[in-house]
Amino acid sequence: NVIFVSGTECYGSPILENYRQLVEDGLFQGTIEDFVNSNHEKQKEVLRSYNISLNLFAASSIGRAAEIHREFSAEFIRNLYENGHLVKMTTSQFYDPELNVFLNGRQVVGQCPIEGCKSERGYADECSLGHQYMPSELINPRSTLTGKRPEMRDVTNWYVKLDKFHELLSQWVDKLKDLPSYRSFVEKTIREFLEPPVIYVVKKNQLELLNEILSKLPEHTINDDENKTSVELIFKTLEDREKACSILAEHSIRFRTGKTLVPFRLTGNVEWGVPAPSIEGLDGLTIWVWPESLWAPISFTKTYLEMQGKDKEAWKDWWCSKEAQVYQFIGEDNVYFYGPAEMAMFMGQQGKEPTVNPPEGELQLPQLIVNNHILFLDKKASSSGEIKPPTARQLLDYYTAEQLRAHFLGLGLGIRSVGFKPKPLNPKATEKDSDPVLKEGNLLANVFNRAVRSCFYTAQKYYDGKIPYGEIDIEVLDEAKATILEYERLMSRFEFHQVMNLMDTYIRNINKYWSREIKIAEANNDDNYRRKVLINTFHMVRTATALMHPIAPEGTEMILDYLNLDVEPEEFWSWDRIFDPLYSFMKNPEDHKHKFLEPRVDFFKKHPSQIKDAQA
């Protein structure tokens with residue numbers, strides 16, 4: 001009852017610019033389509049290497065998914081237009097007169113005009129942290145093609161009237177606290193965009209000039225905190241703020257604008273993009289990559305259903321039913337797009353009078369699971385920034401996929417940004433330092449491995465490889481049940497780091513129980529007690545194996561294989577049977593043999609480089 005989709009973002013100015021630079025440097029030969037296809041295949045391979053099993057990893061410009069995405073994109077935009085939520089706006093776009101070309105978003109760099117922004121660079125109409133602004137507001141713009149200051153020339157595009165959704169978005173944010181996945185930093189980030197339109201005027205040497213023109217500005221209120229370096233001019237509407245910006249610029253007054261809801265651009269004139277539908281004679285436009293990437297998961301859902309031989313229009317059962325729920329896992333710098341922009345556009349599909357509680361049959365509002373940044377060696381790193389992080393593929397040169405999966409889940413990114421400090425890539429790490437990335441992996445490779453192997457080797461030594469059959473102690477059943485229920489509660493709240501803490505405790509308890517009780521059995525040469533200890537420990541292993549399967553699928557599936565049960569794997573992993581003991585999966589529980597386990601077999605393996613280091 002789950003469809004898990006994702007995909008390659010094929011369009012957009014960053015891809016075009018990257019392609020242009022690689023071709024220019026002689027590092028890539030082929031078309032833009034070839035370039036995107038190669039990216040898609042590399043991403044698919046890395047996902048496979050990490051054992052991430054999507055139902056469909058598609059691409060917005062490749063194959064059947066591309067055809068469906070184009071159809072749905074046109075339908076989505078027409079709905080917004082017919083429902084009165086679009087506005088046609090003529091704005092100025094950057095133009096490089098030396099090359100006689102309009103510049104796309106990433107071919108212009110400058111400084112973000114948003115007050116307090118700490119991004120490394122601003123682009124045509126958004127900065128590297130996702131702040132939105134009008135192109136004319138970018139500070140010190142420069143063409144990446146020629147290095148010269150570009151001109152501004154008029155272009156006409158379609159925009160979503162995002163500011164008209166202010167009340168509905170406010171209601172939506174108010175409801176976030178009721179969700180199990182509530183994360184306070186997400187609400188705070190979104191509320192910043194719901195602030196009224198503000199202009200910040202730098203006080204230094206400008207107050208006298210500002211006072212002279214205040215009467216010329218549209219209606220506003222002033223907030224002049226003597227402890228701040230700027231005066232705040234607060235306006236009622238976005239239009240009033242835009243007029244004020246023009247007046248301030250005419251009088252050479254330095255200012256910056258604050259975050260607020262601005263019209264969200266839908267279309268552009270970048271040739272490499274999803275074609276926009278022709279509306280009111282506005283032809284030849286393409287859809288800006290950010291909006292179309294927001295509804296691409298719907299297109300991919302339709303594609304997947306069709307691939308399964310089902311009616312692709314059944315996508316509504318997944319996206320438009322109150323019996324279903326969509327979860328979107330994103331990073332914190334994309335909150336603006338998946339928050340205000342997506343929610344407004346999804347509500348806008350309902351009609352001219354949308355509601356924050358969509359009726360059955362209309363697009364429901366997804367739940368956002370937002371993670372903070374992973375800081376590489378405690379610094380924010382990005383492919384477009386000064387500090388370049390290692391790629392997911394490069395990390396596999398030092399760690400196994402299961403070590404990395406467990407570590408990333410344990411970081412607690414739902415609470416705060418956390419440093420990622422792989423010892424092999426940390427120039428400050430000394431030979432004596434432990435590797436923090438291995439903390440969770442060692443729980444598997446050392447502690448859990450030991451418990452599982454002890455069970456198998458003991459059954460082989462004393463019972464010819466038969467798993468002892470008998471009654472499980474009530475205390476063992478109770479601890480397993482309590483762990484399962486707490487695991488379920490934490491997963492439902494997306495508190496993955498707490499899941500890792502829970503499993504750390506449970507798996508260590510397995511080893512403590514085994515070490516303590518098997519000593520008693522061996523000391524007294526008590527076979528009945530040995531059987532009892534083995535029956536109990538196998539149940540703990542069964543529970544831990546099932547609970548760790550989403551985190552470490554390779555090792556846990558190997559355990560299942562050696563258990564040699566008489567059911568399909570899906571039965572064993574099914575949550576419907578999570579409390580069932582091992583013997584319920586056996587045709588003949590009193591005579592069931594597991595697969596023979598050779599000496600020194602590891603269910604959870606270490607990376608070859610770690611073994612070499614240990615041997616050295």
Side-chain angles (χ1 to χ4, degrees), residues 5-22 31-33 35-40 43 57-63 65-77 80 86 89 91 93-94 102-109 119 121-135 138 144 155 157-160 162 262-277 282 284-300 303 328 330-331 333-342 344-346 382-384:
V5 298
S6 186
T8 299
E9 186 179 77
C10 299
Y11 299 108
S13 53
I15 291 165
L16 262 181
E17 183 62 10
N18 187 214
Y19 168 71
R20 183 193 66 79
Q21 290 176 354
L22 289 173
T31 64
I32 181 69
E33 289 87 354
F35 179 61
V36 168
N37 282 350
S38 69
N39 286 338
H40 180 59
Q43 291 169 1
F57 184 72
S60 50
S61 74
I62 300 173
E67 297 171 352
I68 291 176
H69 187 51
R70 288 190 175 204
E71 294 169 3
F72 187 78
S73 296
E75 177 187 342
F76 192 94
I77 290 178
L80 287 174
L86 297 190
M89 292 174 56
T91 60
Q93 184 173 332
F94 290 108
F102 279 105
L103 300 173
N104 64 46
R106 292 303 171 102
Q107 290 174 336
V108 181
V109 293
S119 67
R121 65 181 66 190
Y123 301 106
D125 53 9
E126 66 166 325
C127 73
S128 58
L129 292 181
H131 296 148
Q132 299 282 293
Y133 43 79
M134 302 308 287
L138 182 65
T144 62
V155 292
N157 279 296
W158 289 106
Y159 289 74
V160 180
L162 210 56
V262 300
F264 183 61
R265 181 164 65 88
L266 272 184
T267 62
N269 55 12
V270 178
E271 186 176 341
W272 176 242
V274 176
L282 204 53
L285 298 177
T286 52
I287 305 170
W288 185 37
V289 65
W290 253 118
E292 55 100 352
S293 68
L294 296 174
W295 60 72
I298 301 177
S299 305
F300 295 165
T303 304
Q328 294 185 309
I330 65 173
D333 50 347
N334 293 336
V335 167
Y336 170 79
F337 298 103
Y338 285 90
E342 177 178 90
M345 290 194 298
F346 279 22
S382 71
S383 57
S384 60

Asn157: side chain to side chain donor-acceptor pair (under 3.5 Å) partners, not counting sequence neighbours: Thr267
Full working for side-chain contact (heavy atoms from CB on, under 4.5 Å) between Ile32 and Ile15: CA-CA 9 Å; Ile32 181 69; Ile15 291 165; 4.2 Å; yes
Heavy-atom pair with the smallest gap, counting every atom of Ile77 and Pro277: CG2-CG, 3.9 Å
Distance, nearest 0.5 Å, that separates OH of Tyr336 from CD of Glu126: 9.5 Å
Check: Phe264 ring centre within less than 6.0 Å of Trp288 ring centre: yes
Check: Thr286 side chain, Val270 main-chain N or O, donor-acceptor pair, under 3.5 Å: yes
Residue pair Val36 / Cys10: nearest heavy atoms and the distance that separates them: CG1-SG, 3.4 Å
Approximate separation, where rounding is to 0.5 Å, of Glu67 CD and Ser61 OG: 11.5 Å
Close side-chain approach of Phe94 to Tyr123, heavy-atom, < 4.5 Å: no
Nearest non-hydrogen partners of Asn334 and Ile330, listed with the distance: O-CD1, 4.2 Å
For Gly7 against Phe300, the heavy-atom pair lying closest together: CA-CE1, 3.9 Å
Close side-chain approach of Pro297 and Gln328, heavy atoms under 4.5 Å: yes
side-chain contact (heavy atoms from CB on, under 4.5 Å) between Phe76 and Phe346, intermediate numbers included: CA-CA 9 Å; Phe76 192 94; Phe346 279 22; 3.9 Å; yes
Any Tyr159 side-chain heavy atom under 4.5 Å of Leu266 side chain: no
Pairwise distance CD1(Ile298) to CD(Glu75) - rounded to 0.5 angstrom: 9.5 Å
Non-hydrogen atoms of Ala65 and Thr303 that approach each other most closely: CA-OG1, 3.5 Å
Straight-line distance of Leu162 CG to Met345 CE, nearest 0.5 Å: 8.5 Å
Between CZ on residue Phe57 and NE2 on residue His40, distance to nearest 0.5 Å: 6.0 Å
CA sep, side-chain torsions, deciding dist, call: Glu9, Val289, side-chain contact (heavy atoms from CB on, under 4.5 Å): CA-CA 8 Å; Glu9 186 179 77; Val289 65; 3.7 Å; yes
Side-chain donor or acceptor of Gln107 paired with backbone N/O of Glu17 under 3.5 Å: no
Heavy-atom pair of closest approach, residues Trp158 and Leu86: CE3-CB, 4.0 Å
Nearest-0.5 Å distance that lies between atom CD in Glu292 and atom OG in Ser60: 5.0 Å
Under the ring-ring contact (aromatic ring centres under 6.0 Å, His included) test, residues paired with Phe35 that sit two or more places apart: Tyr19, Phe28
With Ser73 via side chain to side chain donor-acceptor pair (under 3.5 Å) - residues at least two apart: Trp295
Side chain proximity check, Val108 to Thr144, heavy atoms < 4.5 angstrom: no
